[in-house]
Amino acid sequence: RERTVSPPGSLTVALWALNMDQRFAEPGDWLAQLDRRLDESRAAGASLLALPEYTSAAWWGWAPVGTTPEREVAWMAGAADALLAAMAGLAALHEVALLAGSMPAAVGDGTYRNRAWLLLPDGRRVGQDKLCLTPAERDPASWRLEPGDGVVRVVGWRGLRIATLVCLDIELPALAARLAHEQVDLILVPSQTARRAGFARVTTCAKARAVELMCATCVVGCIGRAGVERFPNVGGAAAYLPCERELGSTGLLIEDGPYDGADGPGPLTLVHLPLGLIRELRDGAAEVWPGAWTAAHVGVETV
């Protein structure tokens, strides 16, 4: 298919707010839909397709009958191991980078982490573990995941510096402060939130990070119920820029949602990110941005 090309100095990203109400009977059904979405994204000019947190929950249609909550994490991790190579192959085939959402990953001793995978067309696979877990993810009677290894991986691709922060991690100002010196161009935020309040927390903090770090941020979340009735999802897609006059002043590029249900595979939102211009602003042309300012010299007094 003929491809639309992004303007120079920009990156077009497709955000797929996955409809979890779908039921895939086998892995081939999932890969076929992903293939179509990558094709649509490429035709629209996107160089990157991003999926939500716990994309793996969409695969429960072919989970063995009777898979209990405490076994779901291990099953999803095994399914991810079986699918990652095929998903990476589709990214290479379409020449579109794929943030494949997140999925449990086994890390030894019977423990698992919530890991997001960025699959690049050049064959690289970069895993980013969620660093701060929700109460549900730490529930010993259910999923019982472990936090990540304390590392944020900044990926160099097409001259850009890209980081992935999984859902709750974008809400942590201390983590943002650690990224202040890294000259990140884009932060991708796969999320899964059960309520509008959760979606609002993630998107509000993503906008704050865009201002603080002088970068673009993109959020993509799940919609609908994931396999079993106890997992509702309220989500959508959003993209934010620094609040600079040259970028439209408000910091809001697009917000689509939140939705608690969707038709078909779920909405695909295209965003055109002026990353070249953002870099110019970060390099000194911004109105008041102080750069990677540190509060190490600041004390606190109670009076």
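Numbering of residues begins at 1 and proceeds along the displayed sequence. Everything numeric here is computed off the predicted structure, so don't read it as measured data.
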Starting at CG of D139, measure out to CZ of R144 and round the result to the nearest 0.5 Å. 9.5 Å

Is a salt bridge present between R245 and E287, judged by a nitrogen-to-oxygen distance below 4.0 Å? no

Evaluate L93 against L38 for side-chain contact (heavy atoms from CB on, under 4.5 Å), listing each step before the verdict. CA-CA 9 Å; L93 175 66; L38 282 163; over 6 Å; no

Is there a path of hydrophobic side-chain contacts, each under 4.5 Å between heavy atoms, that joins L275 and L277? yes

More than 12 heavy atoms from other groups under 6.0 Å of CZ on R279: yes

Check for a donor-acceptor pair, side chain of S191 on one end and backbone N or O of E53 on the other, with a separation under 3.5 Å. no

Euclidean distance, E72 CD relative to W60 CH2, rounded to 0.5 Å: 4.5 Å

For the atom pair CG (D35) and CD (E40), what is the distance rounded to the nearest 0.5 Å? 10.0 Å

Quick one: does T204's side chain have a donor or acceptor within less than 3.5 Å of a partner on R201's backbone? no

Closest heavy-atom contact between Y112 and G110? CE1-O, 3.6 Å

Closest heavy-atom pair and its distance - P258, F199: CB-CD2, 3.5 Å

Q183 and V154, any side-chain heavy atoms less than 4.5 Å apart: no

Between R161 and E182 (side chain of the first, backbone of the second, donor and acceptor by atom type, cut-off under 3.5 Å), is there such a pair? yes

Sub-4.5 Å side-chain heavy-atom contact between R209 and P173: yes

Are L83 and M103 close enough, and set up right, to give a side-chain contact (heavy atoms from CB on, under 4.5 Å), and what steps lead you there? CA-CA 11 Å; L83 283 169; M103 52 210 70; over 6 Å; no

L51-L268 co-clustered via ILVMFWY side chain contacts under 4.5 Å: yes

Is the backbone of V234 close enough, under 3.5 Å, to the side chain of D260 for a donor and an acceptor to pair up by distance? no

Are any non-hydrogen side-chain atoms of V189 and C205 less than 4.5 angstrom apart? no

Value for CZ (R115) from CD (Q128), rounded to nearest 0.5 Å, stands at 9.5 Å

Measure from the side-chain N and O atoms of W289 to the backbone N and O of E212, and report whether any donor-acceptor pair falls under 3.5 Å. yes

In short, C215 meets L186 closest at the heavy-atom pair CB-N, 4.4 Å

pair E280-E246: side-chain heavy atoms closer than 4.5 Å: no

Side chains of C167 and V202 in contact at under 4.5 Å (non-hydrogen atoms): yes

Does the T217 side chain pair with the main chain of A206, one donor and one acceptor, at a distance under 3.5 Å? yes

Please step through side-chain contact (heavy atoms from CB on, under 4.5 Å) for the pair V219 and I170, ending with a clear verdict. CA-CA 10 Å; V219 177; I170 196 68; over 6 Å; no

State plainly whether one hydrophobic cluster holds both L15 and Y240, where clusters connect Ile, Leu, Val, Met, Phe, Trp and Tyr through side-chain heavy atoms under 4.5 angstrom apart. no

Side chains of L119 and L90: does their closest heavy-atom pair fall under 4.5 Å? no

Side-chain donor/acceptor of N233 to backbone N/O of G224, under 3.5 Å: yes

Is the backbone N or O of W62 less than 3.5 Å from a side-chain atom of E26, with the two atoms forming a donor-acceptor pair by type? no

Test side-chain contact (heavy atoms from CB on, under 4.5 Å) on L34 and M87; report intermediate values, then the result. CA-CA 8 Å; L34 178 61; M87 292 193 289; 3.6 Å; yes

Do the side chains of I223 and P52 get nearer than 4.5 Å, heavy atoms only? no

Heavy-atom closest pair (S56 atom, P104 atom, distance to 0.1 Å) is OG-CD, 3.4 Å

For R71, does the CZ atom have more than 12 heavy-atom neighbours from other residues, nucleotides or ligands under 6.0 Å away? no

N/O donor-acceptor pair under 3.5 Å between R113 side chain and D129 backbone: no

Do you know the tightest heavy-atom contact between P64 and W75? CD-NE1, 3.2 Å

Whether Y54 and W143 hold their rings parallel, tilted or perpendicular, with breakpoints at 30° and 60°: perpendicular

Using a cut-off of 6.0 Å, state whether more than 12 heavy atoms not belonging to D149 lie near its atom CG. yes

Between K130 and D169 (salt bridge meaning N to carboxylate O under 4.0 Å), is one present in this structure? no

Taking all heavy atoms of P121 and all of W157, pick out the closest pair and write down the distance. CD-NE1, 4.1 Å

Heavy atoms, side chains only, cut-off 4.5 Å: are L253 and L273 in contact? yes

Enter the distance from L49:CG to L270:CG here, rounded to the nearest 0.5 Å. 9.5 Å

Does R153 have more than 12 heavy atoms from other residues, nucleotides or ligands lying within 6.0 Å of its CZ? yes

Quick one: does W16's side chain have a donor or acceptor within less than 3.5 Å of a partner on P265's backbone? yes

Would L172 end up clustered with V184 when hydrophobic side chains under 4.5 Å apart are linked, directly or stepwise? yes

Drop me the distance from T55's OG1 to L18's CG, to the nearest 0.5 angstrom. 6.0 Å

Would a hydrophobic clustering, with Ile, Leu, Val, Met, Phe, Trp and Tyr connected at side-chain separations under 4.5 Å, put L11 with V271? yes

